[in-house]
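Just so you know, ligand 1 is whichever comes first in the structure, and atom 1 is the first atom listed for that ligand. Starting from 1, each residue takes its place in the sequence as its number.
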Amino acid sequence: MTSNLTRNLVTSIGLLRIDHVGVAVPDLDEAIDFYQRTFGMTCVHVEENEEQGVREAMMQVGPTREGGCVQLLAALRPDSAIAKFLDRSGPGVQQVAYTVADIDATCAALAERGVRLLYEAPKTGTAHSRINFVHPKDAGGVLVELVEPAKSS
Ligand code: MC0
């Protein structure tokens with residue numbers, strides 16, 4: 001028989017898949033080149049997000065988008081989250097992002113479970129997605145991003 005604890009652990013909050021793993025890099029163009037030449041990944045999207053202070057590139061891991069992406073993240077300015085991360089930790093994994101169907105519902109479920117969302121309401125992420133983050137201190141030291149893709153993507 002399933003215990004209460006096990007039932008609670010498997011209650012869905014609407015996560016669908018790993019959307020991307022975000023990697024902070026000092027130079028975006030150099031990093032794109034490295035990921036293409038070394039791992040054979042394909043650069044499928046490049047965008048500047050002024051609000052987040054980043055220039056980012058989505059590197060598709062496998063032959064289709066279903067295989068997930070590595071998101072390369074370079075700082076646009078010294079006070080940005082990526083610049084701070086690079087100063088503190090150097091280049092490396094900065095975030096793990098999950099695709100969700102309904103970010104408002106997922107954020108509400110997480111808030112109910114007592115974790116801190118960084119934004120009161122979702123902000124705009126890559127390719128017109130809606131995004132929010134769970135503070136790394138409330139997620140075992142991992143900055144967790146939630147991504148609700150734009151309806152057309
Ligand atoms: C900070 N900490 C981290 C961390 N950033 N731990 C794991 N992973 C990270 N990425 C830890 C520090 O080591 C420190 O631990 C503590 O958190 C300090 O917290 P803080 O003083 O609040 O630190 P800040 O000022 O560096 O801010 C961290 C915070 C920030 C997560 C709040 O980076 C943030 O707002 N991130 C969300 C936005 C973001 O990351 N944007 C860039 C990606 P100790 O133990 O020393 O106290 S934009 C993006 O991803 C978009 C384009 C998209 O995908 O569509």
Closest approach of any protein heavy atom to atom 38 (C) of ligand 1, naming residue and atom: Gln52 OE1, 3.4 Å
Within a distance of under 4.0 Å, is there any protein heavy atom near [atom]?
atom: atom 27 (O) of ligand 1; answer: no
atom: atom 36 (N) of ligand 1; answer: yes
atom: atom 40 (O) of ligand 1; answer: yes
atom: atom 12 (C) of ligand 1; answer: yes

Check: [X] N/O within less than 3.5 Å of ligand 1 N/O:
X: Tyr119; value: no
X: Glu56; value: no
X: Gln94; value: yes

side-chain contact (heavy atoms from CB on, under 4.5 Å) involving Glu112 - partner list, sequence neighbours excluded: none
List, one per line, each side-chain donor-acceptor pair under 3.5 Å for residues 128-146, sequence neighbours excluded.
from: Ser129; atom 1: OG; to: Thr126; atom 2: N; distance (Å): 3.2
from: Ser129; atom 1: OG; to: Thr126; atom 2: O; distance (Å): 2.7
from: Arg130; atom 1: NH1; to: Asp104; atom 2: OD2; distance (Å): 3.1
from: Arg130; atom 1: NH1; to: Glu148; atom 2: OE1; distance (Å): 3.2
from: Arg130; atom 1: NH2; to: Asp104; atom 2: OD1; distance (Å): 3.2
from: Arg130; atom 1: NH2; to: Asp104; atom 2: OD2; distance (Å): 3.2
from: Asn132; atom 1: OD1; to: Tyr119; atom 2: N; distance (Å): 3.1
from: Asn132; atom 1: ND2; to: Tyr119; atom 2: O; distance (Å): 2.9
from: His135; atom 1: ND1; to: Lys137; atom 2: N; distance (Å): 3.0
from: Asp138; atom 1: OD1; to: Arg116; atom 2: NH2; distance (Å): 3.0
from: Asp138; atom 1: OD2; to: Arg116; atom 2: N; distance (Å): 2.8
from: Asp138; atom 1: OD2; to: Arg116; atom 2: NE; distance (Å): 3.1
from: Glu145; atom 1: OE1; to: His20; atom 2: NE2; distance (Å): 3.1

Side-chain donor or acceptor of Thr106 paired with backbone N/O of Ile13 under 3.5 Å: yes
Backbone N/O of Pro63 and side chain of Gln60: donor-acceptor pair under 3.5 Å: yes
Of the listed options Arg55, Lys123, Arg88, Met58, closest to atom 23 (O) of ligand 1 (non-hydrogen atoms): Arg88
